[in-house]
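Fair warning: this is a prediction, and the values are worked out from it, not measured in the lab. For the single chain, residues carry numbers from 1 onward in sequence order. For the numbers below, each heavy atom of this structure counts, side chains included, while hydrogens, waters and symmetry mates do not.
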Amino acid sequence: MSAAPTPKPEILDAFEGAKGFMPLDEGLALYAAAVEAGRLGFPLLEVGTYCGRSTVLLADAARAVGVSVLTVDHHRGSEEQQPGWDYHDPETVDLEIGLMDTLPTFRRTLFKAGLEEHVVALVGRSPQVAAIWHSPLGFVFVDGGHTDEHASADYEGWAPHVVEGGLLVIHDVFPEPEDEFTGQAPYRVYLRALESGAFTEVSVTGSLRVLRRTGTGI
């Protein structure tokens, strides 16, 4: 059995130097899944860009297999990133308008990593972008809002576009009830994907779940 593909040291340095919350073990699992799915020849798509930490890995994976990665975000921050919450970073606030704007930081992250040309940034709300999207995808990474409304909309909007044999990856899956705010909505989406009969679990790494499209019952 061949070893899972891993990023070069400079890419790992860019990943670990970027703002964000994904730990290294989950990042490596994400990268390996993206390389595998990218070999199908379809684009990769990420829901929830933030400052580009995971996008660095996806972009390098896309570069390695000759596809592009698209990343969707309104760049105003999710619920838990707003002022007063534990995950808020004051450096991401646009002082002129008083709202979060992670787009400039994201662009700097990609520039420093030398990956700008491999990424298409879709700036907007996930359901609005999904409503006008009609192309097949080899890979969808759901890492957006953590409410049932947002997590469900991300799943409903993007999972149907995953081609047979492609991968659906869900982040922040926490089964324990005490994690209601941070991971129960992604957990419920994960269960929904399995119960649909359209996806089969491939791997579990921390809070990261990798599922393969094996059916049509979304």
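For the pair R192 and S152, the minimum side-chain heavy-atom distance is below 4.5 Å. Put simply, the side chain of Y155 does not reach to within 4.5 Å of the side chain of V47, judged on heavy atoms. Contact check for H146 versus P186: side-chain heavy atoms found under the 4.5 Å cut-off. Within the 4.5 Å cutoff, the side chain of P7 has heavy atoms near those of the L57 side chain. Side-chain contact between L58 and F139: present, with at least one pair of heavy atoms (C-beta onward) separated by less than 4.5 Å.
Although no hydrogens or angles enter the test, the distance criterion places a donor-acceptor pair under 3.5 Å between the side chain of R209 and the main chain of G206. A distance-only check finds a donor-acceptor pair linking the side chain of R76 to the backbone of M100 [under 3.5 Å]. With E201 contributing its side chain and V210 its backbone, the two residues share no donor-acceptor pair below 3.5 Å. Under the 3.5 Å distance criterion, the side-chain polar atoms of R53 are matched with a main-chain donor or acceptor of F15. T147 places a side-chain N or O within donor-acceptor distance of the main-chain N or O of H150, the cut-off being under 3.5 Å. The backbone N or O of L110 lies less than 3.5 Å from no partner atom in the side chain of R108, so there is not a single donor-acceptor pair. Judged by distance alone, the side chain of T105 and the main-chain N or O of C51 form no donor-acceptor pair under 3.5 Å. In this structure, S207 contributes its side chain and F174 its backbone to no donor-acceptor pair below 3.5 Å.
Hydrophobic clustering places L103 together with V56 (ILVMFWY residues linked when any side-chain heavy atoms are closer than 4.5 Å, directly or through intermediates). Cluster membership check: W133 shares its hydrophobic cluster with V120, using side-chain heavy-atom separations under 4.5 Å among Ile, Leu, Val, Met, Phe, Trp and Tyr. Both V142 and L191 are members of a single hydrophobic cluster when ILVMFWY side chains are connected at heavy-atom separations under 4.5 Å. Residues V189 and V204 do not share a hydrophobic cluster, clusters being chains of Ile/Leu/Val/Met/Phe/Trp/Tyr side chains in contact below 4.5 Å. Both F141 and L167 are assigned to one and the same hydrophobic cluster, defined by single-linkage of ILVMFWY side chains at heavy-atom distances under 4.5 Å.
The only member of I170, V162, T200 that meets side-chain contact (heavy atoms from CB on, under 4.5 Å) when paired with L211 is I170.
In this structure, CG in L137 is found 6.5 Å from CH2 in W158, a value given to the nearest 0.5 Å. Here T55 contributes atom OG1 and L30 contributes atom CG; the two are 9.5 Å apart, rounded to the nearest 0.5 Å. The OG1 atom of T205 sits 11.0 Å away from atom CG of L24, with the distance rounded to the nearest 0.5 Å. Going from atom OG1 of T102 over to atom NE2 of H74 covers 8.5 Å, rounded to the nearest 0.5 Å. For the atom pair CG (L28) and CE (M22), the distance works out to 10.0 Å, reported to the nearest 0.5 Å.
The ring-ring contact (aromatic ring centres under 6.0 Å, His included) analysis of residues 90-112, with sequence neighbours excluded, yields the pairs H75-F106. For residues 194-218, no pair satisfies ring-ring contact (aromatic ring centres under 6.0 Å, His included), with sequence neighbours left out.
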Taking it one step at a time, do L168 and Y190 satisfy side chain to side chain contact (heavy atoms under 4.5 Å, CB included)? CA-CA 10 Å; L168 172 67; Y190 156 74; over 6 Å; no
K19 and T109: side chain to side chain contact (heavy atoms under 4.5 Å, CB included), yes or no, with the steps? CA-CA 9 Å; K19 288 182 183 291; T109 298; over 6 Å; no
Donor-acceptor contacts under 3.5 Å from residues 60-72 side chains, at least two apart:
residue	atom	partner	partner atom	Å
D60	OD1	R63	NE	3.4
D60	OD1	R63	NH2	2.6
D60	OD2	Y31	OH	3.1
T71	OG1	E46	OE1	2.6
T71	OG1	T49	OG1	2.5

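Inspection of the S126 and D154 side chains reveals an N or O donor paired with an N or O acceptor under 3.5 Å.
H161 approaches A130 most closely through the heavy-atom pair NE2-O, 4.3 Å. Across all non-hydrogen atoms, the minimal contact from P160 to R213 is O-NH1, 3.6 Å. The nearest pair of heavy atoms linking G138 to A37 is O-CB, 3.3 Å. Heavy-atom minimum distance, A29 versus L208: CB-CD2, 3.7 Å. Nearest heavy atoms, A59 versus V119: CB-CG2, 3.5 Å.
Other residues, nucleotides and ligands place no more than 12 heavy atoms under 6.0 Å from the CD atom of E164. When the shell of 6.0 Å around CZ of R125 is examined, it contains 12 or fewer heavy atoms from other residues, nucleotides or ligands.
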